[in-house]
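Heads up: the structure comes next, in structure tokens.
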Amino acid sequence: MEIRTRFAPSPTGDLHIGGARTALFNYLFAKSMKGKFLLRIEDTDLKRSKSSLTEKIINDIKWLNILWDEKIVFQRQNQNKHKQIIDYLLKKRLAFKCFFEKEDRTEKNIEKIGAQEPAFRSPWRDFSKNTHPNKQYVVRFRVPSDPSRINFTDKVRGELSWNLSTIEDFVIARSDGSSTYNLAVVVDDHNMKISHVIRGEDHLTNTVKQLLIYQALNWVPPEFAHIPLIHNDKGEKLSKRDGNSSLLDFKQEGFLPDAMLNYLARLGWSYKDEEFFNLDQAISWFTLDGIGKSPSKFDIKKLLNISKKHLVSKPVDEIHKSLLQYIRIYKNISLSETISENLRQYLPLVVERCTSLGEIFDASAFLFEADKVRDKKALALLNDNSRKILSDFVYAIKSANFAWNSKLLNEFINTYCEESSLKFRDIGIPLRIALTGSTSSPSIAHIMEILGKHQTLDRLNINVD
Ligand code: GLU
């Protein structure tokens, strides 16, 4: 049997970290089994689905390098197939038209219904056609009372048994005739020959409903694997309120896709003690048995750690390329050839100190921002005394004649300090502030080399006045 998984986002919001992880697990499982990974956009909720969001979700999973096989399926295009199945279920009396109006669902009514069954049982379950009023209706699935339980094996959670009296006669077609999520998913998964459905644990009751539909249609259901949810550090479900929770947030902060993928894979899945790996390794190691049963905690420190390891493992030219793209897209800055080259030279000095492209951008912003130091804290350190030291130094270095490279610059500064009875830091600190606007930066001689003589002197002149 061919292994076929799918990721089925509803385009009603940005791709959440949990959704990205679901996509990844489905992808890893399919690829580890030499199977296919498919993408289905569940856009049947006409009011909430937006094509701009579909595009964003597609871009996000592409960015992660999770690439799908076959053509994208848009659920909306399958509506006729959904309707045919709804009609079939109605014909077979496995579903029924329900004229029960929301307003009827007063507490009194619910109580009366609830006296026999904990979950909603529609009074229209057993009415025959000729008693139907000429009113709007929804179609509900007739949840069987015998057998009273449904059992299935979940690939993560093991044997599960569900009491059907807790499952309401759920709606499968809305009053406008459109299919609801549970019916559409079963029909589409069946038609797409999905062998395994891997999704968040919050879908467990949907799975029960979907299994009932499979049974009613006499279709073989896929295997199910429910992944535990992602929690914040308070042990609650990770949500928008926790700050960064959509993939876009992390893209904006400049995390590399490889790092994000690595971290997402480790959110609830493990292989031996492996913490740092790439996509091919994850594919070769992935099994459903490796998915844990308890919720995973979103740990930003761990992400930063993994991210740093990925950054330092990349060749400088690759980081440079990603950084230029990041700056263009997220900072809206196009760099000139010269500055872009300065940045490339600067990268080896700064990568080790950073965990993301965003941090590299901040640490190197002085290369392409205005020459004038704006940071107030740094400016405060440029007092009259240090300005005087700097201006004497500028005078000396301007007239000196040597090749402008870090080695000779270092020698020059050291000799200058000796001759002027200064400590290195007496010059180093104001020099660093005047050139980079910050008190911490990699070797000042390297920075002077990267900026070049002309720009170094320009910046010094501006900030010494
Ligand atoms: N559209 C559903 C969601 O985004 C898909 C759930 C499923 O995988 O069946 O939650």
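All values below were derived from every heavy atom in this structure, side-chain atoms included, with hydrogens, water molecules and symmetry-related copies excluded. Counting convention: from 1, in listed order, for ligands and their atoms alike. Each residue takes its place number in the sequence, starting with 1.
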Backbone or side chain, does any N or O of Q210 fall under 3.5 Å from an N or O of ligand 1?
no

Does Y181 approach ligand 1 within less than 4.0 angstrom via side chain, backbone, both or neither, non-hydrogen atoms only?
side chain

Closest to atom 5 (C) of ligand 1 among protein heavy atoms sits A8 O, 3.1 Å

If you measure every N or O of V185 against every N or O of ligand 1, does any of those distances drop under 3.5 Å?
no

Show which atoms of ligand 1 fall inside a sub-4.0 Å distance from at least one heavy-atom site of H203.
6 (C), 10 (O)

Ionic contact status for K193 with E2, cut-off 4.0 Å
no

How about D45 and K47: do any of their side-chain heavy atoms sit closer than 4.5 Å?
yes

Which of these passes side chain to side chain contact (heavy atoms under 4.5 Å, CB included) with I172: V139, V138, L94?
V139

Within 4.0 Å of some non-hydrogen atom of R6, the atoms of ligand 1 are 7 (C), 8 (O), 9 (O)

E42 heavy atoms within 4.0 Å reach ligand 1 at atoms 1 (N), 2 (C), 5 (C)

Decide, yes or no, whether a salt bridge links R142 with D169 under the criterion of side-chain N to carboxylate O below 4.0 Å.
no

Nearest atoms (heavy-atom pairs only) where K31 meets D69
NZ-OD2, 2.9 Å

Note: E341-R344 ion pair, threshold 4.0 Å (strictly below):
yes

